[in-house]
Chemist: 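Here's a structure for you.
First listed ligand is number 1; within each ligand, the first listed atom is number 1.
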Amino acid sequence: MPFFDTHAHLDNQQLSSDARAVVERARAADVQSMTAIGTDLPTSQKCVGLARQFDGVYAAVGVHPTVCHTDEVAGCWDEIVTLAQQPAVVAIGETGLDLHWDKTTLDAQRQWFQQHIDLSFETGKPLVIHMRDCEQEIVSMLESSAIGGSLNGIMHSFTGSLESAQRCLKLGMYISFAGMVTFKKSDDLRSVAAGIPADRILIETDAPYLSPHPLRSKRPNEPAYIVHTAACLAAVRDISPEELGRVTTENAKRVFQIG
Ligand code: NI
């Protein structure tokens with residue numbers, strides 16, 4: 001039962017310092033594919049390097065909303081655009097909006113997010129969208145940016161309401177669940193996960209962050225731990241972990257246009 005971890009920060013020092021071992025432990029846990037996600041130019045470049053180095057590793061390139069105000073990212077966009085053409089790059093992101101960290105103005109974030117949306121349309125590669133404390137803002141922005149009523153992308157580590165999920169689904173988006181869905185207090189999120197159509201659900205670790213229960217105290221999180229999130233999602237959807245693995249891997253390959 002192969003799994004596809006659709007969102008892992010493999011460039012992060014805690015994982016990249018021994019990337020080969022991380023990838024091998026993932027494979028031993030039947031996580032045969034994973035997408036390494038960039039958050040600025042250097043991490044995006046690193047993710048492309050990892051994708052070239054390891055079979056089954058793919059890359060996403062972009063600038064995260066929490067860093068788009070920094071001097072470091074000013075002027076890097078043209079290089080992101082060039083990088084996005086690489087065959088190892090299967091998605092545009094991590095992008096989105098984040099009103100939790102009060103460092104960047106919403107206007108600046110929106111401008112950066114719109115550039116990613118445009119690049120997704122230009123390249124035909126899906127968006128990977130981060131949403132924190134901005135459910136209404138993001139869903140309405142997605143609806144107004146959709147061309148012909150549709151958008152191609154993933155709501156990553158989704159923690160929103162079923163209503164927001166349904167509005168995203170209507171645009172053609174996929175909904176991805178991370179370790180948070182396994183936490184004791186996440187009953188509401190589990191019922192959202194139960195309501196996502198089988199052809200639109202994805203699974204991810206968001207490693208090295210937020211290890212799933214029962215490994216919550218283990219740091220860093222890594223792709224091999226996806227099996228715990230898979231077991232939880234399978235239980236709430238009343239299917240076997242094998243079936244959950246099969247369905248989410250098929251969906252991941254479809255959205256990333258692999259194979
Ligand atoms: Ni992330």
Chemist: For the Ni ion (ligand 1), give me the closest N/O/S atom belonging to Glu94, just the atom name.
Modeler: OE1

Chemist: If you compare all heavy atoms of Thr182 against all heavy atoms of Cys232, which two are closest, and at what distance to 0.1 Å?
Modeler: CG2-CB, 3.8 Å

Chemist: Can you tell me if His9 has an N, O or S atom under 2.8 Å away from the Ni ion (ligand 1)?
Modeler: yes

Chemist: Applying a strict under-4.5 Å side-chain criterion to I, L, V, M, F, W and Y, I'd like to know whether Leu162 and Ile129 cluster together.
Modeler: yes

Chemist: Do Asn221 side-chain atoms and Tyr209 backbone N/O form a donor-acceptor pair below 3.5 Å?
Modeler: yes

Chemist: Just checking: His156, one of its N/O/S atoms, less than 2.8 Å away from the Ni ion (ligand 1), yes or no?
Modeler: no

Chemist: Restricting to N, O or S atoms of Asp206, which is nearest to the Ni ion (ligand 1)?
Modeler: OD1

Chemist: Do NZ/NE/NH1/NH2 and the carboxylate oxygens of Glu163 and Arg167 come within less than 4.0 Å?
Modeler: yes

